[in-house]
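Read through the structure below, which is laid out as structure tokens, and then see the notes.
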Protein chains: 2
Amino acid sequence: MHDPRGEQHIGRLLWDVSQSVGRAFDEHLRAVGGSRPIWLILLTLKTKPSANQRELAAAVGIQGATLTHHLAAMEADGLLTRRRDPSNRRIHQMKLTPEGEQAFLRVKDAAVRFNAKLNEGLSEEQLEQFQVTLAQLRANAWRDDAEPRA
Amino acid sequence: MHDPRGEQHIGRLLWDVSQSVGRAFDEHLRAVGGSRPIWLILLTLKTKPSANQRELAAAVGIQGATLTHHLAAMEADGLLTRRRDPSNRRIHQMKLTPEGEQAFLRVKDAAVRFNAKLNEGLSEEQLEQFQVTLAQLRANAWRDDAEPRA
DNA sequence: CACTAATCGTTAGATCTCAAACAATTATTC
DNA sequence: GAATAATTGTTTGAGATCTAACGATTAGTG
């Protein structure tokens, strides 16, 4: 359990592995002209076509400002359009272009393949246990210091 | 195992949790004037005082260019000095200032407390299993597509 | 209806990160 | 010793992310 970088804390290991896996995923998607955030945005637009930007950002797990930048780039690249909702002009309605639809299919294929590779050799029980531990870590990280564990 | 963002893939969950934990850690360190990269750099300088920048970057897990930026900022903030090694003028020797030493102690205290909180309620066996799964995920992510699993 | 509060998305500035190209220095080869 | 190769750290440009402040629009209140 020791690695060349010295003693590992679980937080450090979690960070390192997720960065590593994330980088591999990004490279995988880059091969088909995508990226991690683009994938998540395309996927969310396909599953929640009427989501406004605030909802989209929440679903993707990023802040609104970040989403604005990604959407601006995707719109400039011709993947989607943004129009003001006629019933509430504060709200943007996003729509994939035919080019965006094509991009979704390409990136989805790559994401599915990556996910299959990522899961190889992992049993259902192992994954379930892993997710339980992840949930515990997330809860622990944000627990108030003065708060006793329930 | 379902969350409001729809079906979770293990890669997505790993990313989300590590980002969340990392953000909590960062906030924790920010309270004492540090940050995650600053902590890792200070820690590595304390454990490997004679490391050159290339070695330091590898130990911290970032690229040389990124380290250069961090070191420049830390030097500007008076936490450390960089001098050319007289025996090989390509190499920088880094040295913590008294202020840097103080910063290390403050940040270390915060990091240790965060780590303790993160580990609460997790058994040794659970952590061991978790680390096994992390290692598998990392290996899977970078496995060549054409490569059969050994 | 006028005013205030809330919502939505954007802008500006900052942090962290990477890859590629580069200059300076040292090591290796002939 | 001269030329080439390798090493070290830096610069440049770009991607992704966040916070705070902002302008435009809608909702709520009296």
Side-chain angles (χ1 to χ4, degrees), chain A residues 12 15-16 18-31 33-42 50-77 80-94, chain B residues 12 15-16 18-31 33-42 50-77 80-94:
Chain A
R12 174 77 192 276
W15 179 265
D16 285 351
S18 79
Q19 290 291 112
S20 181
V21 170
R23 238 171 259 128
F25 186 47
D26 230 44
E27 280 193 24
H28 209 83
L29 297 187
R30 196 118 21 223
S35 72
R36 201 186 147 274
I38 287 174
W39 159 240
L40 292 177
I41 291 166
L42 289 173
S50 57
N52 65 19
Q53 281 186 221
R54 186 177 48 76
E55 286 162 349
L56 184 55
V60 171
I62 57 179
Q63 298 299 305
T66 309
L67 181 69
T68 295
H69 284 291
H70 286 306
L71 289 180
M74 289 168 81
E75 190 169 18
D77 289 344
L80 58 83
T81 57
R82 283 183 291 179
R83 296 289 179 269
R84 290 290 173 182
D85 183 337
S87 61
N88 183 339
R89 298 190 52 74
R90 293 176 298 185
I91 286 177
H92 269 145
Q93 294 183 324
M94 273 70 62
Chain B
R12 175 79 190 275
W15 177 265
D16 286 349
S18 78
Q19 289 291 112
S20 181
V21 170
R23 236 168 260 128
F25 187 47
D26 230 46
E27 279 192 25
H28 210 80
L29 297 187
R30 195 113 28 218
S35 71
R36 203 185 146 276
I38 287 174
W39 159 240
L40 292 176
I41 290 167
L42 289 172
S50 57
N52 63 21
Q53 279 183 224
R54 185 177 49 75
E55 287 162 349
L56 183 56
V60 170
I62 57 178
Q63 299 298 305
T66 309
L67 181 70
T68 295
H69 283 291
H70 286 305
L71 289 180
M74 289 168 82
E75 189 169 19
D77 290 343
L80 56 84
T81 56
R82 283 184 291 179
R83 295 290 181 269
R84 290 289 174 182
D85 183 336
S87 61
N88 183 340
R89 297 189 53 73
R90 294 176 298 184
I91 285 177
H92 269 147
Q93 292 183 325
M94 272 70 61

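Note that these values count all heavy atoms, side chains included, but never hydrogens, waters or copies made by symmetry. Here is how names work: the chains are called A, B, and so on, in the same order as the sequence lines, proteins then strands, and each is numbered from 1.
- Residue-level contact check: H70(B) touches the backbone only, with heavy atoms under 4.0 Å from sugar-phosphate atoms and none from bases.
- Counting to the nearest Å, the P atom of dT17(C) and the NE2 atom of H69(A) are 19 Å from each other.
- Mapping A65(A) and N88(A) onto DNA chain D by nearest heavy atom places A65(A) at the nucleotide closer to the 5' end.
- D77(B) places none of its side-chain heavy atoms less than 4.5 Å from the side chain of M74(B).
- Atom CD in E75(B) sits about 13 Å away from atom C1' in dT10(D), given to the nearest Å.
- No salt bridge links D85(B) with R89(B); every basic N to acidic carboxylate O contact stays at or beyond 4.0 Å.
- The neighbour count for R84(B) CZ, taken as heavy atoms of other residues, nucleotides or ligands under 6.0 Å away, is above 12.
- For the pair R23(B) CZ and dT17(D) P, the interatomic distance rounds to 9 Å; values are reported in whole Å.
- Distance, L67(A) CG to dC18(D) P: 10 Å, rounded to whole Å.
- Mapping I91(A) and E27(A) onto DNA chain C by nearest heavy atom places I91(A) closer to the 5' end of the strand.
- Note on T66(B): a side-chain N or O is less than 4.0 Å away from OP1 or OP2 of dC18(C).
- Regarding contacts with the backbone of dC16(C), a side-chain N or O of S35(B) is found under 4.0 angstrom from either OP1 or OP2.
- In this structure, the CZ atom of R36(B) is 16 Å from the P atom of dT17(D), given to the nearest Å.
- Looking at heavy atoms from C-beta onward, I41(B) lies in side-chain contact with L67(B) at the 4.5 angstrom threshold.
- Within the structure, a side-chain polar atom (N or O) of Q53(B) is placed less than 4.0 Å from OP1 or OP2 of dT10(D).
- In this structure, the side chain of Q19(A) does not engage the main chain of D16(A) through any donor-acceptor pair within 3.5 Å.
- Atom-to-atom, CG of D85(B) to P of dT7(D) comes out at 17 Å; the value is rounded to the nearest Å.
- The side chain of I62(A) lies closest to dT17(D) when the candidates are dC16(C), dG9(D), dT17(D).
- For R90(B) and dT7(D), a side-chain-to-base donor-acceptor distance below 3.5 Å is present, hydrogens and geometry of angles not being considered.
- The two residues M94(A) and L56(A) come nearest to each other via the heavy atoms CE-CD2, 4.0 Å.
- The side chain of R84(B) sits closest to dG9(D) out of dT26(C), dT11(C), dG9(D).
- Of all nucleotides listed (dT8(D), dC8(C), dA19(C)), dA19(C) comes nearest to the side chain of Q63(B).
- For Q19(A), no side-chain nitrogen or oxygen approaches OP1 or OP2 of dT17(C) to under 4.0 Å.
- Residue contacts shown for R82(B) are limited to sugar-phosphate atoms, with no base heavy atom under 4.0 Å away.
- Distance, D77(A) CG to dA14(D) C1': 14 Å, rounded to whole Å.
- Heavy-atom distances to DNA chain D give each of R30(A) and G64(A) a nearest nucleotide, and the one nearer the 5′ end belongs to R30(A).
- Atom CG in L56(B) sits about 19 Å away from atom P in dT7(D), given to the nearest Å.
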